[in-house]
Each structure stands twice: as structure tokens, then as C-alpha cells.
Amino acid sequence: MSRFNPQAVDRRWQKAWETAGTFAADTASDKPKSYVLEMFPYPSGRIHMGHVRNYTMGDVLARYKRMTGHEVLHPMGWDAFGMPAENAAMEKKVHPGDWTRANIAAMRDQLKSLGFALDWSRELATCEPDYYGQEQALFLDLYAAGLVYRKESAVNWDPVDMTVLANEQVIDGKGWRSGATVERRKLSQWFLKITDFADDLLAGLGELDQWPDKVRLMQENWIGKSRGLRFRFTLDQRINGQSNLQVFTTRPDTIFGASFVAVAADHPLAQKVAEKNADAQAFIAQCQAGGTSAADIESAEKLGFDTGITAAHPFQPEWELPVYIANFVLMDYGTGAVFGVPAHDQRDLDFARKYGLPVRRVVADGDETASDFEGDEAWSGEGALVNSRFLDGMDIEDAKAAVISRAEEEGWGEGTTEWRLRDWGVSRQRYWGTPIPIIHCEDCGPVGVPKDQLPVVLPEDVDFDTPGNPLDRHPSWKNVDCPQCGTAARRETDTLDTFVNSSWYFIRFASQPDDKPFDKAEAESWLPVGQYIGGVEHAILHLLYARFWTRALNRIGMLDVKEPFAGLFTQGMVTHETYQMGDGSWLSPDEVTREGDDWVHIEHGEPVKAGRVEKMSKSKKNVVDPDPIVDQYGADAVRWFMLSDSPPERDLPWSEAGIEGSWRFTQRLWRLIDGNEAGEGEDKDLDRKLHQTIEGIGEDIETLSFNKAVAKLYELTNAIEKAAASESRTVAVRTIVRLVAPMVPHLAEQAWEALGESGMVADAPWPNVDPSLLVEDEVTIAIQINGKLRDTLSAAKGTSKADLEALALGSDKIARQLDGNEPKKIIVVPDRLVNIVA
RNA sequence: GCGGACGUGGCGAAACCGGUAGACGCUGCAGACUUAAAAUCUGCUUCCCGUAAGGGAGUGCGGGUUCGAGUCCCGCCGUCCGCACCA
């Protein structure tokens, strides 16, 4: 009997698939189409285990779909623009393009070594002009359709490096390189009108029944449709010529609990106050220090500045509320101004306690109705309105409606729908991205680059010695003539957010003509993606942007598909134990070894502390590189491990013992197949097991429950091993090759060939279930007393309730337990259990 | 701060509609084969009491519904993810 030798076999079949064009997707095929897609990788340099897991899952599904008669599109490409390339350029003095392309080449080889069933003929990289040029064309189409506009928006400004920072480059309010306190600075930037589609994006979630509920809920909350009241406070003085201050609230019911009004630091009222008040100016400056991210802003200490202005309560003009400038009010949401109800909002309560403002209860917390609110925990739950005049006794919803209709009658406010979703800012002040195809002309304003001049190609001759955007200081690229009037003008130097690249790559995979972004009919023959697989970290932004982009293409008539991804699966991370020396420094898994129950350094034997199992990360050095693992154990063992044990949506802890186990299994499987001896006769138990497995695995793969499919294959393997030679056993061996083919394709091809089958197993049909072989005739019945298991017995399937009851009462163990007592009641669940209540 | 999820043996987990908790894998232990080792094979492996037969406890914690709860309800605790310029 031979051994399974992946070092010899893997490459052989990878070449065979490539030569035969096995996985090339044929648009003209009349088979049912299936589009399987995993989120394309950023070419960071090496494939990591997270990629291997992600792509293995998609691969199993793609191969299974092929075997069940589908024409499968399973492509791969590169999300190739982004900051790491520029960081590498600064640190290693390499051009971002060279760095990126070298990374792509290395990672492509790595992916190929894993034997994924990919259609490489459709490979694309977003950093190449043939991709981003088409993206520029789409941008211009959206611009023409009125879906693109410019407005002022805040960025993180590093005053020392004189550059814009990404949120992740702001650490505790400081720039990551310079250490300088970051400022919020306003720049004129490009926006896409995603809010035009807010209602539709929300409504569309309802039809995405193959998406995880949690993702739909997260998107729903992100879009954040809320019904509320927009109304005007009358101020005691005119500011900017206005004596009104417009606010928005989702809780108009709590209007009688108001104790202050607050505006954002960049609200016009705040700006006006600051003109004459140095303290206000200083406060605003303080609010604008630190990063722009919501997490930073909202978790900071609540601070306010009393402007001295007061606002009259709409129901009682002599009741005056102080107007504050506050650091937790966001200019981007609602009107940038709110009223604070400390008793029923935690932020407002913290603020009121800090500044000694009144705290009035207006919603009863059970029996608690007193106007004076005690304690430091706001009550945001349900309750009847109290201390609220005409609202008293109403529930929250009725009170909201009552206040809105009163405001509308009296003319000082109106019920509105507000969205948390904001328009998508796509401007990035960086080099390594899609150039925005706009030329700024003094006379004509922003003018789109004519389509026959696309692509606007990034200049190659740039340097990264100075921080900031090299496009900005590249005169020959930047200075051009206006396409409209011909006078001197300048190119837009901002590039597009990389989320734009990933908002349509799945369409380009389906159709990639040279002269346009995609062919409508061809793209529509594949779309929507049947199963999209990627990390949960993309649950909101990427997926929402792609859904928006698809709708935008819809509106301009380029595509009739509305939802890009019919099925979505979010997979868990690959984790590993962490190791630390006594001094706190991290060690990588290959620097440590086990001695008994303890870990020590592999070279000098010093003790090592094994820590928590965490996401693999460079900073904690708990990273395992797939390459040497594939070399040692072969692609199939790695793939098998990726599918085993952990449910795919949960984290998968990588372990040396685990990959060893997978390796042993591949060898065992090979021995089972290669060592099968012909026999006579049928083996009914094995037949049943086989067909139960065929049925179960099909379901498991379709629901991406790979860990369950793996467990069933172990059970079947165990059963075949134990079975004596027979015709049934030979059939089982021939069948299991096809059942494992999506998971361990190299081994399966080799076995298929060894068994003398014709063609490739990748093209073989998936085995059929014979329902007549699934029937069980004996079942085990549990016998409980008061819900506790006391005995089990075996009975023919379908035994009547009365017979089961008699059998149960006839058991010695039960008689002993009952000790002569009469059962009060007996519950019988046929084919399952008998529960005796004593 | 806001939003979302998750929690079952030493470990990863399974358990379909509320019906035998722990399938399957890993680890560990014992044994077989071997001159020896590796590989392989066999058995055991939730915890506690007990030589055993057997008994008791048990699905993060505290309550509840039910003949019966890992599963349903209420309240906690812990961990992880996202928060619009990381991708």
C-alpha cells in the first residue's frame, strides 16, 4: 500500500486543473449559474491563516456547486490600493506600485499552492489603470447623475507632519509618527449621496433572508431611521441675525424634563459666540483637539461651555434654558443642536451633574414618580409620563405623538424623519488610490475629465520623503488645461477611498470588457453573488457601500440588479495562544517549545508564560505563516484543519496538534481507499451510514456548517474501517472520494485515479441519496422519572404509546426507583422517551 | 459612550421544533505491535463519592415557565467585534 505524498501530488493536480481550464467560468453555459465569492485580499505581502480559512470555505462551496451541476464563477483579485503601500514607501524607499505588485505575485503563488478552484483568467488588481480607469468612468457617470458633490468636512490634521491622518493613525488624540496633538480641520471634499438611498437600503435589508440577522440589524442601526421632532427654540438674543435655534430630538415626550440646550462646537451659533468671547474660542479649540472618530468623541469626558444665552421653553416662554456649547453634540447628526433631559439620558445626566443643572423626572420608573431625580443612572426605560402637564399618564409613544401634533398646530416645530446615515466622504489626501477624474478651473469650476482622456493615470515619478500627498507637489501632473475653456487649471489631487474600489469589483469579475466598466447582460447573467464570504469587520461599511453603489448603477441604468450579495456569511478569525517572556516581550510560536506542562524558550530554555488565545497579530507575534505548513503537511491537511472543529462563524484556534491530527486523517483516508479489498454481499448498516452521510453533508455544505460535515466524514470513515469487505464497502469507498473532494481535492483526484475512475473527480457528479436506505428500524427509548434519565430500552420504530408505557413500567430499574409508588402521570413521546411523573 | 454578538468537559465542539447533554476531533492515560523508536491499532477520558454495583452534580451567574430547559422568559457578569480616513 502506498503513502499519500502531498509534496508530489499537490502540484500535479494543480497543473492538471490549470491545463484543463477546469475552473474557468463559462458565461455561455446553459447550466444553472452560481457565483461564489470571498472578499478579495489586501496584498499585504503574505497570505495569513485568516485568508486560508476564508478561501477554503468558499472553495468547498464552489467545488460542491460544480459537482451538483452548476456553472460556477469563483474569481480572485486584489484590493490593491491603500495606506500600507505608502507606509512601505516611506519606510523602505520602495515605490508603492512595486511593493504592491511584488506582494501580489508572492500571494498569488501562495494561493495557488492551496489548490483553490479559482478562475484565474479573471484576476484583477484595483491599482491597475484598466481597473481604476473604469472606476473613474463610473465616478463621472455618478457625477453627471447628481450623486456626487463637494462639501466641507473635518479631517485629522497633524500640525507637525502637515498631513492628514487616518483614524487609526490617531492614538489618544496624537499623531502616530509626530506625537503632536491632532486637530480637526475642515477641507473641501467629495461626497457620494448615499443618503438618497437611505430608505431603500433599509427596506432592502428585509429581503436579504440569506444574510445573518446580526448583520442586517447592524446595518439597520447604522442607517438609523428615526422619527422625531424638529423645532425652534426662541433665544433671548439675536445670533447671526437669528433669534431661533433649531434642534432635533427623538424624544419629544421628555420636553418637560429639559434642563439645558447644547450645540456642537462647529455649530454657527458657537462660532458666532466665539468671535467675541476668548473663553468660548478656547473651549471650541479644546473640543477640536483630538481625533474625528465617533468612538473618541463620545467616550471623552462630557464638557460644556455656558454661552450665557438662554432659550425659552416652547410650552412656557418664561422658563429659560441655558445654551451650552458641548463636545458630545455632533454637527453631522440632526441639526447639530439638542436639548438635554438628564433624568432620561445618561450623557445628559453626566453633564447635568457636572454643571449643577436641574434633573427632573418626566417618565415614571415603576412607582417612582417624584420630580426630583436621585442617583447617577438615567432611566431610559418604559413608563408613564409624569410632571409633564398635558402629557401626564400617557405612555412614551402617545406622548411623542401628542407633542409633535401640538408643535405642528402651534407652528414652532414639525415631526420629521431623521437618518443617522451620512453621505459617504470619498476624498483621500493620498497618492496610492484612484485619482478623482476632475479638473478644477477658475472659471468653469470642477469639470469632469472627458471620458476619452481616461484613465487619469497616477504619475510614477513621486517621492515619499516628505509627508503629505505627492500628487499635490507634482506640477507636471497637477497643472493641466481646463477641458472646457482651455485655460490653465489644476487636477483634483485627492484620490478615492479604497471602499470605492471594493464597491464594484464583484461586477467587474463577472464581466471585464476593455472599453467599459462591464457589460450589462453579461454581468447580470452572474449577479447577484450567490454566496459572499468574509470577515464580520466588514458587516457595515463595505457591505453598505457596495449595496449603495449597486443601487446607484441601477439609477443610471447600467445594471438592473439591486442587491449585490444574495447570500452573506461572516466567518470567524484564526487565533493562537500567545507567549511572553518574563520581561513582557512577545515570542512567536516557533520560538517556544513544550516541556511537560510548561512552555520554555526553544534556544535558551528560559520559562515562557503561555497567555490567552487571541487573534493572530504581528504585535503579539502569535502568527503562523501558512507557507511552511503547506510545505510540510500539504494543502489538503491545511484545508481540512481550516474546516474542522470550530463552527465557521466562530474563531478557530490554530494548533500544532490540530494540524497533526488533520495530517493523520488524510493518511488514514488514503489507506482506507487504497487498501480496500473487494468483497461480496451487502452491509445494510454501512449502506445506511453512507446515505445518511451523503444527505447530511449536502445540507452541511449548503449551510456552510463545515465542522459538522467534517464530523460526519470522520464517522463514516470510522464505520468503513470497522466494516468487513463487501460490495457495500467498495461502494462506500468509491463514494467517500467524491464526498471529500471539495475539501481535500488533491487527495481525492489521486484516489479517483487510483480507483480507475475516468476524468477528474472535480468534474464528477455529487452522489445521490437513496431514501430507501435511510430507514432505521430500531430506536432507543429514554425512560425518565421526573425528567431524570433512569433507564433506556430498545424498541421497534413506531411502537405505540401504550406499548412504550408498558415496556417502561416493566423495567427492573424503574420498578426499583418507583419503589411501589403509583405514577401520577406518564408522558410518552413516540420513538423518543417515556417520562414517569411520580 | 453608542451599536452588535458570543459564553457547554483539560481544549475545539455536537445536540434539528423544549425530549437520553458531551456525537466527532484534539490532548492525556493504559495496552497491542516493534530489538527499539516512529507510524499504526485497541480501550478509557465531564466532575464528585464509591473497589464495584450504583448514586449525586452539571451547559457563565441568579431567578422563572414546563411532566421535562443548553434550547423559552426576566435580571446580572464576562469576553470579543464595529463606530464612517485600517482594510
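Computed from a predicted model, the values in this text were never measured in an experiment. Every chain is numbered from 1, with letters handed out A, B, ... down the list of sequences.
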> First and last nucleotide of RNA chain B in contact with chain A, 5' to 3', at under 4.0 Å to a heavy atom: what are they?
Replying inline: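 So the contact region on RNA chain B extends B:rG1 to B:rA87.
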Name the nucleic acid region contacted by [X], choosing base, sugar-phosphate or nothing; use a 4.0 angstrom heavy-atom cut-off, strictly under.
{"X": "A:Glu220", "result": "nothing"}
{"X": "A:Gly535", "result": "nothing"}
{"X": "A:Trp222", "result": "base"}
{"X": "A:Val164", "result": "base"}
{"X": "A:Thr792", "result": "base"}
{"X": "A:Pro41", "result": "nothing"}
{"X": "A:Arg832", "result": "sugar-phosphate"}
{"X": "A:Lys788", "result": "sugar-phosphate"}
{"X": "A:His538", "result": "base"}
{"X": "A:Val155", "result": "base"}
{"X": "A:Arg790", "result": "sugar-phosphate"}
{"X": "A:Val536", "result": "nothing"}
{"X": "A:Phe328", "result": "nothing"}
{"X": "A:Ser427", "result": "base"}

>> Can you classify the ring geometry of A:Tyr532 versus A:Tyr505 as parallel (below 30°), tilted (30 to 60°) or perpendicular (above 60°)?
In response: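 Answer is tilted, since the angle falls between 30° and 60°.
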[N] to [M] separation - [atom1] atoms, rounded to the nearest Å:
{"N": "B:rG56", "M": "B:rA5", "atom1": "C1'", "result": "36 Å"}
{"N": "B:rA69", "M": "B:rG31", "atom1": "P", "result": "43 Å"}
{"N": "B:rA32", "M": "B:rG78", "atom1": "C1'", "result": "47 Å"}
{"N": "B:rA14", "M": "B:rA23", "atom1": "P", "result": "13 Å"}
{"N": "B:rG22", "M": "B:rU35", "atom1": "C1'", "result": "42 Å"}
{"N": "B:rA57", "M": "B:rU8", "atom1": "C1'", "result": "15 Å"}
{"N": "B:rG58", "M": "B:rG70", "atom1": "C1'", "result": "11 Å"}
{"N": "B:rC76", "M": "B:rC2", "atom1": "P", "result": "14 Å"}

>> Can you tell me if A:Glu778 has over 12 outside heavy atoms packed within less than 6.0 Å of its CD?
In response: yes
> Would you call A:Arg150 and A:Glu492 a salt bridge, using N to O less than 4.0 angstrom?
Replying inline: yes
>> Between A:Arg177 and A:Glu91, does any NZ, NE, NH1 or NH2 come within less than 4.0 Å of an OD or OE carboxylate oxygen?
In response: yes
>> Going by the rule ring-ring contact (aromatic ring centres under 6.0 Å, His included), which residues pair with A:Phe191 if we only count those two or more places apart in sequence or in a different chain?
In response: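 Only A:Tyr149 meet the ring-ring contact (aromatic ring centres under 6.0 Å, His included) criterion with A:Phe191.
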> Given that A:Asn718 and A:Asp423 both sit by RNA chain B, which one's nearest nucleotide is further toward the 5' end?
Replying inline: A:Asn718
> Does A:Arg668 or A:Met573 map to a spot on RNA chain B nearer the 5' end, using the closest nucleotide for each?
Replying inline: A:Arg668
Counting only Watson-Crick or G-U wobble pairs whose two distances fall under 3.5 Å, which nucleotide matches [N]?
{"N": "B:rG1", "result": "B:rC83"}
{"N": "B:rG78", "result": "B:rC6"}
{"N": "B:rG25", "result": "B:rC11"}
{"N": "B:rG50", "result": "none"}

> Centres of the A:Phe506 and A:Trp549 rings: under 6.0 Å?
Replying inline: no
> Quick check, are the ring centers of A:Phe641 and A:Trp654 under 6.0 angstrom apart?
Replying inline: yes
> Syn versus anti for B:rC17, judged by chi lying within 90° of 0?
Replying inline: syn
> Taking O4'-C1'-N9-C4 for purines and O4'-C1'-N1-C2 for pyrimidines, is B:rG68 syn (within 90° of 0) or anti?
Replying inline: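 Here the answer is anti: the torsion falls beyond 90° from 0.
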> Going through the checks in order, is the side chain to side chain donor-acceptor pair (under 3.5 Å) test met by A:Thr163 and A:Asp158?
Replying inline: CA-CA 5 Å; A:Thr163 185; A:Asp158 186 320; over 6 Å; no
>> For a quick test of reading the model, state the closest non-hydrogen atom pair linking A:Val744 to A:Thr666 and the distance between them.
In response: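 Heavy atoms of A:Val744 and A:Thr666 come nearest at CG1-CG2, 4.5 Å.
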